[in-house]
2 protein chains.
Amino acid sequence: MQSYTEENYLKTIYHLAEKTINVQTNAIAEQMQTKPASVTDMIKKLADKGLIDYIKYQGVTLTETGKNTAIDIVRKHRLWEVFLVDKLNFKWDEVHDVAEELEHIKSIELIERLDEFLGFPKADPHGDPIPDKNGRFAKTQFIKLIELKVGDSGTITGVSQHSSPFLKHLEKLGLTLGKQIQVSDVTDFDGSVEIRLSDKQVNISREVAKHILISSNGKN
Amino acid sequence: MQSYTEENYLKTIYHLAEKTINVQTNAIAEQMQTKPASVTDMIKKLADKGLIDYIKYQGVTLTETGKNTAIDIVRKHRLWEVFLVDKLNFKWDEVHDVAEELEHIKSIELIERLDEFLGFPKADPHGDPIPDKNGRFAKTQFIKLIELKVGDSGTITGVSQHSSPFLKHLEKLGLTLGKQIQVSDVTDFDGSVEIRLSDKQVNISREVAKHILISSNGKN
DNA sequence: TTTTATTTTTAGGTAAATCTAAAAATTATT
DNA sequence: AATAATTTTTAGATTTACCTAAAAATAAAA
């Protein structure tokens with residue numbers, strides 16, 4: 001059994017490990033809003049518990065057990081987000097903080113029943129995949145909107161940025177999950193992308209386009 | 001803002017205060033499964049924060065602020081219990097422990113929306129009243145089943161014992177909330193009570209009868 | 001009203017998770 | 001390869017919520 005704090009460390013390490021193989025002390029500290037010295041203390045503890053492999057000065061990697069634990073927390077987090085949006089009518093930019101708390105409620109039965117109640121969703125309100133109870137992810141085929149060529153079309157199925165301002169911005173533009181889009185133009189000058197929606201045309205910056213994930217319908 | 005532990009102390013004191021005016025250190029310790037010395041430490045802290053009034057060796061009482069905080073936790077606890085039973089199909093004897101965790105999730109918005117989602121319930125699965133967001137309880141008119149005379153009838157609207165064995169026992173006998181009952185006999189020998197239900201007749205011990213709450217339809 | 005029993009508090013200590021400041025190891029730069 | 005910069009670790013403290021053991025206050029009994 002892990003403490004609240006240990007769970008948060010594991011989750012953070014898990015997410016950082018998606019970018020780099022060996023996760024560094026400073027990276028964890030920054031993510032957890034704490035000091036490197038505190039991280040060193042905690043990673044020693046997690047290593048003692050067999051949840052991470054740790055070589056001094058070389059960063060850490062999750063063990064099989066550690067990874068499973070982390071995935072379980074991610075699962076809970078995302079299921080709660082679905083609950084908040086689908087059942088309690090929260091907006092997709094409002095759910096993160098509450099889900100951060102809910103993810104630590106430790107009842108397996110609760111999560112299984114919640115999963116069922118929600119209809120076994122495969123993705124959270126931001127399009128992030130929800131692992132099943134065995135920790136397996138449905139494999140998804142995402143492409144960044146920025147990578148589309150003029151004429152390409154697809155469906156918005158995720159975002160790779162979860163900040164409230166970003167999500168509110170998308171909402172305002174009508175760029176929400178499930179929307180069908182087509183790239184109608186790319187501006188040479190600033191790389192901004194013009195997008196055709198069913199009912200309108202919007203222009204988004206390169207920066208925004210980077211963080212929108214599309215499940216492609218292929219070329220036009 | 002209170003810590004998880006502080007909230008549990010306040011809740012415990014609140015419940016104990018339903019029985020006695022001044023809540024004693026030992027009573028809190030027993031309820032919280034901790035030692036009196038630890039309780040003394042904590043009640044000093046809560047007194048410093050203005051959540052309880054505390055006179056050394058004389059026990060404690062909740063201040064207005066403390067009481068409001070406690071009621072808010074009770075509200076959350078009971079709303080979550082309704083969620084677990086009504087939406088996730090937990091049995092009434094299975095919800096307590098999970099609700100003990102969920103009650104500490106600190107988002108006002110969450111609870112308001114949950115309340116609405118559940119249809120603003122007035123009582124939890126055990127018949128305990130749920131305070132509204134201003135901390136006000138709908139006043140209820142309960143009488144203990146044990147106090148009914150032969151011939152009296154009423155509706156089961158609550159229980160004053162929440163242990164799983166007790167609740168499972170009632171479930172097996174068909175004595176669940178909302179059931180219409182009539183007392184058909186009281187045994188002189190052991191004080192056990194014979195009860196007529198719509199479809200059957202059951203016999204319950206005095207001890208069980210003490211913990212069933214009836215909203216009376218008056219005498220027969 | 002002493003004596004005894006119970007309750008409560010104090011004193012001093014522990015474990016978890018944090019911190020600051022300084023030392024050590026690693027990596028990058030000249 | 002030596003020096004500088006960065007990263008990481010150690011050492012020593014702090015805070016929260018506990019604990020045990022002993023002292024003090026209160027309540028009950030002789």
Side-chain angles (χ1 to χ4, degrees), chain A residues 1-14 16-17 19-62 66 69-70 73 100-101 103-104 106, chain B residues 1-17 19-62 66 69-70 73 100-101 103-106:
Chain A
M1 190 84 291
Q2 285 79 38
S3 74
Y4 191 100
T5 311
E6 286 168 9
E7 288 190 351
N8 278 333
Y9 270 89
L10 290 174
K11 189 185 56 165
T12 296
I13 294 166
Y14 174 78
L16 290 170
K19 306 249 163 187
T20 50
I21 313 100
N22 272 50
V23 179
Q24 285 158 294
T25 304
N26 270 1
I28 300 171
E30 192 193 8
Q31 196 67 30
M32 303 265 318
Q33 308 251 60
T34 185
K35 297 289 136 94
S38 310
V39 174
T40 302
D41 285 348
M42 181 54 88
I43 62 187
K44 278 183 191 163
K45 191 175 162 190
L46 293 173
D48 286 347
K49 288 193 172 190
L51 296 162
I52 57 175
D53 290 317
Y54 167 49
I55 306 160
K56 265 192 196 173
Y57 294 98
Q58 300 306 131
V60 302
T61 53
L62 290 170
T69 307
I73 300 159
E100 287 286 295
E101 290 189 60
E103 74 190 5
H104 299 290
K106 45 183 173 306
Chain B
M1 191 83 291
Q2 285 79 40
S3 74
Y4 191 100
T5 311
E6 286 167 7
E7 288 189 352
N8 279 333
Y9 270 89
L10 290 174
K11 189 184 55 166
T12 297
I13 294 166
Y14 174 78
H15 285 310
L16 290 170
K19 306 247 163 190
T20 51
I21 313 99
N22 271 50
V23 179
Q24 284 158 295
T25 304
N26 270 0
I28 300 171
E30 194 194 7
Q31 196 66 31
M32 302 268 316
Q33 308 252 59
T34 184
K35 297 289 135 93
S38 309
V39 174
T40 302
D41 284 348
M42 181 55 87
I43 62 187
K44 278 182 192 163
K45 191 175 164 190
L46 294 173
D48 286 347
K49 288 194 173 191
L51 296 162
I52 57 176
D53 291 317
Y54 167 48
I55 306 161
K56 264 192 195 175
Y57 294 99
Q58 301 305 130
V60 302
T61 53
L62 291 170
T69 308
I73 301 160
E100 287 285 296
E101 290 189 60
E103 73 190 7
H104 300 289
I105 306 291
K106 45 184 174 305

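Side-chain nitrogen and oxygen atoms of A:Asn26 include none within less than 4.0 Å of the OP1 or OP2 phosphate oxygen of D:dT6. For B:Gln24, no side-chain nitrogen or oxygen approaches OP1 or OP2 of C:dT7 to under 4.0 Å. For the OP1/OP2 pair of D:dT9 and a distance below 4.0 Å, the side-chain nitrogens and oxygens of A:Lys44 include no atom meeting the criterion. Between B:Lys56 and the phosphate of C:dT10, there is a side-chain N or O to OP1/OP2 separation shorter than 4.0 Å.
Rounding to the nearest 0.5 Å places OH of A:Tyr14 at 9.0 Å from CG of A:Leu62. Here the CD1-CG distance, from A:Ile55 to A:Asn22, works out to 7.0 Å after rounding to the nearest 0.5 Å. To the nearest 0.5 Å, atoms CD1 (B:Ile43) and CD (B:Gln24) are separated by 11.0 Å. A distance of 9.5 Å separates OG1 of A:Thr5 from CD of A:Glu7, quoted to the nearest 0.5 Å.
With pairs defined as Watson-Crick or G-U wobble and both atom distances under 3.5 Å, the stems of at least three pairs that touch DNA chain D come out as C:1-30 with D:1-30.
Between A:Thr61 and A:Ile21, the closest heavy-atom pair is CG2-O, 3.5 Å. Residues A:Asn8 and A:Met32 approach most closely at O-SD, 3.6 Å, considering heavy atoms. Of all heavy-atom pairs spanning B:Pro36 and B:Asn26, the tightest one is CG-OD1, 3.2 Å. Nearest heavy-atom pair across B:Ile52 and B:Val60 is CD1-CG1, 3.8 Å.
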Between the protein and nucleotides 19-23 of chain C, list every N/O to N/O distance that falls short of 3.5 Å.
residue: C:dC19; atom: OP2; partner: A:Thr34; partner atom: OG1; Å: 2.5
residue: C:dC19; atom: OP2; partner: A:Lys35; partner atom: N; Å: 3.1
residue: C:dC19; atom: OP2; partner: A:Ser38; partner atom: OG; Å: 2.5

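Heavy atoms of B:Thr40 sit under 4.0 angstrom from at least one base atom.
Rounded to whole Å, the distance from CE on A:Met42 to C1' on D:dT9 is 16 Å. What separates CD1 of B:Ile43 from P of C:dT7 is a distance of 15 Å, to the nearest Å.
When the nucleotides C:dT27, D:dT10, C:dT9 are ranked by their closest atom to the side chain of A:Gln58, C:dT27 comes out on top.
Qualifying ring pair (Phe, Tyr, Trp, His ring centres under 6.0 Å) partners for B:Tyr4, counting only residues two or more places apart in sequence or in other chains: B:His104. Judged as a side-chain contact (heavy atoms from CB on, under 4.5 Å), and not counting sequence neighbours, the contacts of A:Lys106 are A:Met1, B:Glu101.
Less than 4.0 Å separates DNA chain C from no heavy atom of any residue of residues 3-12 of chain B.
For residues 49-58 of chain B, the pairs satisfying side-chain hydrogen bond (donor to acceptor under 3.5 Å, both in side chains) are B:Glu6-B:Lys49, with sequence neighbours left out.
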